[in-house]
Amino acid sequence: MTTAAHVPSDVETYLARVRAALADVPADERDDLLAEVEASLHETASESGGSVAAQLGPPEDFAAELRSAAGLHPSAAPPAAGLRETIERLANSPRVAGSLRSLRELAPIWWAVRGYVAVAALALAAGASWSVAHGAVPRIGNAKLGAIAILVAVAASIALGLWSRRTPQARLALSVLNVALLAAVVPVAVHLSHRTQPAVATQIVVQTEIVPGLAYNGTPLDNVYPYSRDGRLLHDVLLYTGAGTPLNLRAKSYDPLRRILFTKAGGRIYNAFPVRYYQPGTTTVLRPNAGPNVKVPRITTPPLPAKTRGR
Amino acid sequence: MDRSQLLRGTLDAAALAVVAEQDGYGYDVLRRLRAAGLSDVGDASVYGTLRRLYRAGALTSYVEPSDEGPHRRYYGITARGRAQLAEARTAWADFSQTLSNLLETDVEVTA
């Protein structure tokens, strides 16, 4: 009873290692071979009553002998022959043949993509710049020539694809080209995915700096000097916006030397112009009549619109 | 010369001859080859050879349930297998005759 329990697991372990050593053999052929071996191993084990490995040697050697006697290519065989045979066998299997047929129908899509990839990869390799408006178009001279180059390459690639269908000799050279371009898809795709975001990010965002307080064309004002029509500088003129907001130089600034007017109720008035400053430590304005160096023009009053004569 | 090296080229014919005599499964063919005097034939060589002959159409195969263990795959010889065996017989007779003559008459064989 102990042998019956012992023997199968011994056989199975051995068989698993033989199977592993034959991993590159086509599955159905390997399964048939191993089925043959399994039945025989059980008999070997039950007749000898000992370890299968002791009887038959290392499973890897057994697998190598099996492989060579069965006429299967040893795994050390030149890969070219094995590869070609594997590909042919694969291509002849009905399932693969079906997939290949549908791939063949989709091939023109690849031809078009391949044309674009060729241009894009060359542009990447040459370090060309890319159109800002259309991130996928490299600038070859300019973006328009880049777009033309892409169209020409796509057309040429499709023509090449159609021609190769009629010319079997061209297939090897073309498959080398295809593999190279397939590899180039990766950097091109990476470039495109990075490209689309910066195109938006390069928009220049003009953020107007909000000047606090009073400003003229964006430049902060430090004073306003009102003059009367006869050219005299006015004092303590209160200025308001159209909405009735008092105008002030800077909303937050409070200069202790600034001469502030008060309402009768005691409220501070900041919109009195020109703004004057006391001498430090005093309540005296040194030059109350100081003003900009302007020559106030002589003014003529236009006729009142009630008696319109127009102009 | 090692017997196993001699065997390599002739195992096809030996296996065909055994199966032609009576259908057999892998281990059975191995046992009969050994019983016939090919004591050093490798297990894996025989199983591999049977599969290869089967793939080549020299053998046919069918499965029979076994009382102990897994089902047994029996091999029988086909018309193609018989033709191959006949060819091997002629070739072997011819070859062994030639070699016997050479080896027995002390002719100097240069490489």
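For residues 182-189 of chain A, an interface with chain B (any heavy-atom pair closer than 4.5 Å) does not exist.
Heavy-atom neighbours of A:Leu172 CG from other residues, nucleotides or ligands within 6.0 Å: at or below the threshold of 12. More than 12 heavy atoms of other residues, nucleotides or ligands shown are found within 6.0 angstrom of OH on B:Tyr74. When the shell of 6.0 Å around CD of A:Glu60 is examined, it contains more than 12 heavy atoms from other residues, nucleotides or ligands. The environment of CZ in B:Arg34 is crowded: more than 12 heavy-atom neighbours from other residues, nucleotides or ligands sit within 6.0 Å. In B:Tyr62, the OH atom is crowded: over 12 heavy atoms of neighbouring residues, nucleotides or ligands sit closer than 6.0 Å.
The shortest non-hydrogen separation linking A:Ala69 to B:Ala44 is CB-O, 4.1 Å.
Interface summary for chain B: among A:Leu56, A:Val18, A:Asp61, A:Asp32, the most heavy-atom pairs under 4.5 angstrom belong to A:Asp32.
How far CZ of B:Arg31 is from CD of A:Glu43: 6.0 Å, rounded to the nearest 0.5 Å. For the atom pair CZ of B:Arg52 and CG of A:Leu66, the computed distance is 11.0 Å after rounding to the nearest 0.5 Å.
Checked options B:Tyr47, B:Tyr75, B:Tyr25; the residue passing with A:Glu36 is B:Tyr75 (criterion: side chain to side chain donor-acceptor pair (under 3.5 Å)).
Here the side chains of A:Val37 and B:Arg51 are not in contact, with every heavy-atom distance at 4.5 Å or above.
Neither the backbone nor the side chain of A:Gln55 comes within contact range of chain B, judged by heavy atoms closer than 4.5 Å.
Partners of A:Trp110 according to the side-chain hydrogen bond (donor to acceptor under 3.5 Å, both in side chains) rule, which considers only residues two or more places apart in sequence or in another chain, are A:Asn178.
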